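Below: one structure, written as structure tokens.
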Amino acid sequence: MKITTWNVNSLTARLQHVLDWLAANPVDVLALQELKMSDDKFPHDALREAGYEAAVFGQKTYNGVALLSRTPVSDVARNIAGFADEHSRVIAGTVAGPGGPVRVVNGYFVNGQEPGSDKFAYKMAWLTGLQAWLQTELVAHPRLVLVGDFNIAPEDRDSYDPVGLAETIHHTTEERDHFKALIGLGLTDAFRLFEQPEKSFSWWDYRMLGYQKNRGLRIDHILVSPPLLPTVQACSIDRVPRKWPKPSDHAPVTVELG
DNA sequence: ATGACGATCCGAGATCGA
């Protein structure tokens, strides 16, 4: 089965891109971030016509996440249990997979703006809450994938300018320590299980010809739990929709389990 | 140091993102 994560930067603005991409890439599960719409605006009909049912956790203007699936999603949970959050940032659900059910946890991680800011403090608290909740989630659902826009470039090779951007947002030691803590829960970065091109990124700034110059970051990730690790067949970033007119600034990332 | 792009919103410039 294939599971994809994609920050679409407004599903209103990107619905046609999502439909076009799914027509060419009929993955089993598509985890979306930054819907930027309330639940009542969600385009269930158009996606159903494309073959997908959706579990949605929307929010007006900002944030918002959804799980699209060809097969039913059960046991849906919204946000981090035990962590009070004004924002709609996490949706989790269970889908049928090869060899048993797969728990998909889809997160739009906090950006954090700038180290030292209130938003950065919120990012740290959010990550701490996520980690604590995942610990129990992994006990209840050992076959788990954590996907989404992490807003963390885990290593220097995940940034177009690791020296110039050292200790700036996405690159700080604190953020990377949180990423390592997720790995410490037993999760594995599926992308790095395979040989990948140098300077592989999943996000490029709209400004200053960021994409054309490949000035990007790898901040969208797929982490797999130990029981799923031997089933990982492939993991890749699809840059094609980033070249379409009026694109999201993120590219979809896909893992294949089987 | 700032702005550069893009999306959003009681509709123009502010806020946010990364």
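Worth saying up front: this structure is predicted, and the values here are computed from it rather than measured. The chains referred to below are lettered A, B, ... by the order of the sequence lines, with proteins before strands, and numbering in each begins at 1. Hydrogens, waters and symmetry mates play no part in the numbers below; they use all other heavy atoms, side chains included.
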5′-ward residue of the pair His170(A)/Thr12(A) relative to DNA chain B: Thr12(A)
Pairwise 5' ranking along DNA chain B for Arg14(A) and Tyr62(A), keeping only the more 5' one: Arg14(A)
Mind checking Phe201(A) for me? I need base, sugar-phosphate or nothing, with any heavy atom below 4.0 Å counting as a touch. nothing
Does Asn151(A) reach a base, just sugar-phosphate, or nothing at all? Heavy atoms under 4.0 Å. sugar-phosphate
Contact class for Lys123(A) (heavy atom, under 4.0 Å): base, sugar-phosphate, or nothing? nothing
Opening and closing nucleotides of DNA chain B in contact with chain A, under 4.0 Å to non-hydrogen atoms: dA4(B) to dA18(B)
When rounded to the nearest Å, what value does the distance between P atoms of dA18(B) and dG13(B) take? 26 Å
If you look at every strand shown and take non-hydrogen atoms under 4.0 Å, does His250(A) touch a base, only sugar-phosphate, or nothing? sugar-phosphate
Sugar-phosphate only, base, or nothing, as touched by Asn7(A) at under 4.0 Å among non-hydrogen atoms: sugar-phosphate
Whether His44(A) and Phe42(A) hold their rings parallel, tilted or perpendicular, with breakpoints at 30° and 60°: tilted
How would you label the contact of Arg215(A) with the nucleic acid (heavy atoms, under 4.0 Å): base, sugar-phosphate, or nothing? nothing
Using the P atom in both, what is the distance from dG11(B) to dA1(B), to the nearest Å? 34 Å
What's the gap between dC10(B) and dC16(B) when it is taken at their P atoms, as a whole Å value? 15 Å
Rounding to the closest angstrom, what is the interatomic distance between dT2(B) and dA7(B) at atom P? 25 Å
Flag if over 12 foreign heavy atoms under 6.0 Å of NZ, Lys199(A): no
Look at the rings of His87(A) and Tyr122(A) and say which category their plane angle falls in: under 30° parallel, 30 to 60° tilted, over 60° perpendicular. perpendicular
Using atom P of each nucleotide, how far apart are dG3(B) and dC9(B) to the nearest Å? 24 Å
Can a donor-acceptor pair be found between the side chains of Ser248(A) and Asn9(A) at a distance below 3.5 Å? no
Under 3.5 Å side-chain donor-acceptor pair for Trp204(A) and Asn214(A): yes
Could you list the residues that satisfy side-chain contact (heavy atoms from CB on, under 4.5 Å) with Ala13(A), not counting sequence neighbours? Ser10(A)
Which residue pairs satisfy the side-chain hydrogen bond (donor to acceptor under 3.5 Å, both in side chains) criterion with at least one member in residues 17-30 of chain A, sequence neighbours excluded? Gln16(A)-Asp20(A), Trp21(A)-Asp238(A)
